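Quick note on labels: first sequence line is chain A, next is B, and so on, each numbered from 1. Every value quoted in this text rests on a predicted model; they were computed, and no experiment measured them.
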There are 2 protein chains.
Amino acid sequence: MFINGKFTMSEVNIKYLAEKLGLSPSTVSRALNDSYEISQPTKDRVNQLAKALNYQPNPFARSLREQKSKTIAVIIPERINNFFSQVIDGIEEITQQYGYHLLVYSTHENVETEKRIISYLLNGRVDAIVMSVSSQTKYIDHLQTVFNKGVPIIFFDRICQEIPTTKFITNDYENGYKATFHLIEKGCKKIYFLLLSKEISIGRERLRGYLDAMKASSLSFDESWVIQCAQKEEENIRLISGFLYGMDRPDGIVASVEKLAIATYYAARETKLQMPKDFRMISFSNMRIAGLLQPSLTTISQPALKIGMECAELLMKKLTKPNQPALEDRIIVLPSQIILRESTGK
Amino acid sequence: MFINGKFTMSEVNIKYLAEKLGLSPSTVSRALNDSYEISQPTKDRVNQLAKALNYQPNPFARSLREQKSKTIAVIIPERINNFFSQVIDGIEEITQQYGYHLLVYSTHENVETEKRIISYLLNGRVDAIVMSVSSQTKYIDHLQTVFNKGVPIIFFDRICQEIPTTKFITNDYENGYKATFHLIEKGCKKIYFLLLSKEISIGRERLRGYLDAMKASSLSFDESWVIQCAQKEEENIRLISGFLYGMDRPDGIVASVEKLAIATYYAARETKLQMPKDFRMISFSNMRIAGLLQPSLTTISQPALKIGMECAELLMKKLTKPNQPALEDRIIVLPSQIILRESTGK
DNA sequence: TTGTACGCGTTATCAT
DNA sequence: ATGATAACGCGTACAA
């Protein structure tokens, strides 16, 4: 409805329906909610008119009344990333069936942004939070606050160990080990590990797998082979080109996240080195087109859609059934898959 | 606050602050909103306590009262797509500065899903909608309804011409022409055009550019060269492989969307054909790593981030300033960029 | 089976 | 400068 050009919300509401039907608002409300107290004929009349006028309950009135929003916040470190996109697809697939809505936020790997976003969510705006922390997240007061306020929170992939709630990850340690072992089997002697940040869980776990695999082998190892990378792509390309130019360059690289593998491709171009001839690389990645790169990239691919769906299913169970206990403090591990391609040699 | 294990929303609210301060709720409200009617000392007292107790206004009470949600819906056809991810990044960058939140929905290219999503949004849940329509969207009653209800709606990329509102696109016709002309210059004689759907605006516009370029040349042309593709990747690979196997295969391909270019890469593998030797391809695409493919892909790249930011800026202007007129019925064109790479020959 | 009254938390209007 | 009251739209305890 318009009043002097301005949209006003005087839509059909319960009061309006009640008037039209000669009933009281409460009767209409109960009829719409299929209450056992209301006679079938009345229900029919109400539902018919509601449908005819395309009545939609006001979500804010309802949220205010019920103290819940039917909305979930999803917080990710970056949007331009197949893994996170797939996870959100998985979450939406489930939550949508329950009539839940998704507020999606990107921290752009920035803790301050992460804190700001979370501060918006502590007022009941969302019924729960599903998140993967930023690579900068070291201090976790803001996450602790969420938990203390009783807002259900689930972590996935980049989890926060310290918060006693449910976390979904993949077998990162194991795959860090396997990835490294695969390179060793291929004959690599000097294997570097590219790390986004030591702060994040997946970085630490994958690194641990790498370190153990190196230890288990008879290969030499130097701490300087663990390369701490930056946020900016150009910086990383420079960094990686730097050590690829050297005479003592690595002949194997484990990239702990996709963007570092990509930076390595650019660095390889710059230094005119070829995979797998000059060095071999394996990367954690959910790129659909890893197989179309030059050379195609051997990847450890995470079950992203499944992670999203499992997060959401757990949450829906907790939120839609009465008297559910708090989310259990446990880590659920879903297996990743190694897909061999040209970058580690056929 | 917890009551028998259950989280209850009895957070600090205005009433609580008022009690603690020995003031009335209305005074507190006014003080928090920096009303001129309140004395400075009172304001200070109120703000101090509010800060100390970390008071956060209840968004639903406010929305109910103000008849606005400070929330924007973003509806896209698919999430696993760099273009749409970048657009959303752009939207968020602006809206976040104004304290707006983003509900993000994917239609998965399905009109029915699109209709369902929109029906959720007609009850005031969002103050505006920014969307790119699904490739199936032919009848537009649901979009018309949005407009009729007075909910501001902006289209980008895949627009709906018929709705009189502001639309943001790139110069699709021009680039369809240029892309085709580029192939012609490279000596292609038989150029196919891969189309996702004739229903969507970008498909039609890019096709029009292709057709005009073909017409302007002295090349022969057959209608069957415009290939209507499917949703499923495997189906498209089969379809494309099908005509690549033939003796009368094309020597040039214009892919109107990224996913069709990718299907073509797989089809090329299957048929053992090589670009640019056996055929050349150019594609509309925002893939960051188009340059790392084998061969690297010549692309027409859209200013996605900018599109998002411009959509959001227009919207914020309309929503945050009083008495703004309805969104103008006009199309704003931002230029795309052609990036030449190996797939069309150096 | 239906109606009345109230409160969720906020802000605006009207009083004082 | 501050307080009392009403209203946004909904659902429910209580009354009839």
Using atom CG of Asn13(A) as one end and atom P of dG9(D) as the other, report the distance to the nearest whole Å. 5 Å
Residue pairs meeting ring-ring contact (aromatic ring centres under 6.0 Å, His included), one or both in residues 115-146 of chain A, sequence neighbours left out, come to Tyr120(A)-His101(B)
Please report the distance, rounded to the nearest Å, between CD in Glu37(B) and P in dA12(C). 10 Å
Would you mind reading off the distance between Gln40(A) atom CD and dT1(C) atom P, rounded to a whole angstrom? 10 Å
If the cut-off is 4.0 Å, is Arg65(A) near the phosphate of dT12(D), judged by side-chain N/O to OP1 or OP2? no
Hey, is the side chain of Tyr55(A) poking within less than 4.0 Å of OP1 or OP2 on dG9(D), counting only N and O atoms? no
Nucleotide of dG3(D), dA1(D), dT10(C) approaching Leu23(B) most closely (side-chain heavy atoms): dG3(D)
Got more than 12 heavy atoms from elsewhere within 6.0 Å of NZ, Lys306(A)? no
The side chain to side chain contact (heavy atoms under 4.5 Å, CB included) partners of Lys138(A) (sequence neighbours excluded) come to Glu199(A)
Presence of Lys15(B) side-chain N/O under 4.0 Å of dC8(C) phosphate oxygens OP1/OP2: yes
Which nucleotide in dT10(C), dT2(D), dG9(C) has an atom nearest any side-chain atom of Leu64(A): dG9(C)
Below 4.0 Å: OP1/OP2 of dG9(D) and any side-chain N or O of Asn58(A): no
Report the distance from atom CZ of Arg62(A) to atom C1' of dG9(D), rounded to the nearest whole Å. 10 Å
Side-chain N,O (Gln67(A)) to OP1/OP2 (dG9(C)) below 4.0 Å: yes
For Ile14(B) and Ile38(A), take the nucleotide of DNA chain C holding the closest heavy atom to each; which residue's nucleotide lies nearer the 5' end? Ile38(A)
Show every donor-acceptor pair shorter than 3.5 Å between a side-chain atom in residues 309-322 of chain A and any protein atom, with sequence neighbours excluded, or say none if there are none.
| unit_1 | atom_1 | unit_2 | atom_2 | d |
| --- | --- | --- | --- | --- |
| Lys318(A) | NZ | Pro325(A) | O | 3.4 |
| Thr320(A) | OG1 | Met316(A) | O | 2.5 |

Of the listed nucleotides dC10(D), dT12(D), dT2(D), the one nearest the side chain of Pro57(A): dC10(D)
Side chain to side chain contact (heavy atoms under 4.5 Å, CB included) with Lys70(B): which residues, sequence neighbours excluded? Tyr100(B)
Atom OH of Tyr36(B) and atom P of dA1(D): how far apart are they, to the nearest Å? 10 Å
Lys68(A) NZ to dG11(D) P, in whole Å, measures 11 Å
Among Asn47(B), Val28(B), Leu23(B), which residue satisfies the side chain to side chain contact (heavy atoms under 4.5 Å, CB included) criterion with Thr42(B)? Leu23(B)
Identify, residue by residue, the members of residues 24-34 of chain A with a heavy atom below 4.0 Å from DNA chain C, and return them in order of residue number, or none. Ser24(A), Ser26(A), Thr27(A), Arg30(A)
How long is the line joining NZ of Lys43(A) and P of dT2(C), in whole Å? 10 Å
Pairs involving residues 32-54 of chain B, ordered by first then second residue, that meet ring-ring contact (aromatic ring centres under 6.0 Å, His included) (sequence neighbours left out): none
With a 4.0 Å cut-off on heavy atoms, is Tyr16(B) in touch with a base, just the backbone sugar-phosphate, or nothing at all? nothing
